[in-house]
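The shown structure was predicted, so the numbers you read here are calculated from the model rather than taken from an experiment. Start at 1 with the first residue, then count along the sequence.
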Amino acid sequence: MRTANISLQENFNEIPQEKRDETRLSFAISNRLDALMHEKGMNKKQFAEALGKRPNEITRWLSGEHNFTISTLAMLSTFFGQPIITVG
């Protein structure tokens, strides 16, 4: 039987690598969007209005937990005039 004194690293090691990679990518995308918004001097409300979205949708995008479609990523790349992600 396991005790409650499991280290954080042991818990982390139990998370499948695929899930860790997915989480890392999700947060990288949300961080990129946040940086691009700030470069344009936009807050969430302004960004939402410019895209015809609701502010709560932008909040989800910036949470790091949203699963973006390729279509949405392409639209965002066009909006900002630069890639959101790069594949190489």
> Same hydrophobic cluster for Ile84 and Leu25, using side-chain heavy-atom links shorter than 4.5 Å among ILVMFWY?
Replying inline: no
>> How about CZ on Arg20, more than 12 heavy atoms from neighbouring residues, nucleotides or ligands closer than 6.0 Å, or not?
In response: yes
>> Has Asn31 got a side-chain atom pairing as donor or acceptor with Phe27's backbone, closer than 3.5 angstrom?
In response: yes
> Atom CG in Asp21, atom NZ in Lys19: separation rounded to 0.5 Å?
Replying inline: 11.0 Å
>> Please report the interatomic distance CD(Glu39) to CZ(Phe80), rounded to the nearest 0.5 Å.
In response: 8.5 Å
>> Distance check, rounded to the nearest 0.5 Å: Leu51 atom CG versus Phe79 atom CZ?
In response: 5.0 Å
>> Evaluate Ile29 against Trp61 for side chain to side chain contact (heavy atoms under 4.5 Å, CB included), listing each step before the verdict.
In response: CA-CA 9 Å; Ile29 291 168; Trp61 289 0; over 6 Å; no
>> If I take atom CD1 from residue Ile58 and atom NZ from residue Lys45, how far apart are they, to the nearest 0.5 angstrom?
In response: 13.5 Å
>> Under 3.5 Å, is there a donor on one side chain and an acceptor on the other for Ser26 and Thr23?
In response: no
> From Ser77 OG over to Leu36 CG, what is the distance, rounded to the nearest 0.5 angstrom?
Replying inline: 8.5 Å
> Is Leu76 reachable from Ile85 through a run of hydrophobic residues whose side-chain heavy atoms are each under 4.5 Å from the next?
Replying inline: yes
>> Around atom CD of Gln17, are there more than 12 heavy atoms from other residues, nucleotides or ligands closer than 6.0 Å?
In response: yes
> Are Lys40 and Phe47 in a cation-pi setup, meaning NZ or CZ lies under 6.0 angstrom from the ring centre and within 45 degrees of the ring axis?
Replying inline: no
> Which pair of heavy atoms, one from Thr59 and one from Lys44, lies closest together, and at what distance?
Replying inline: OG1-NZ, 3.5 Å
> Under 6.0 Å from the CD1 atom of Ile15, do we count more than 12 heavy atoms belonging to anything else shown?
Replying inline: yes
> Of all heavy-atom pairs between Gly41 and Gln46, which one has the smallest distance, and what is that distance?
Replying inline: O-OE1, 3.5 Å
> How long is the span from the CG atom in Leu62 to the CZ atom in Arg32, to the nearest 0.5 Å?
Replying inline: 13.5 Å
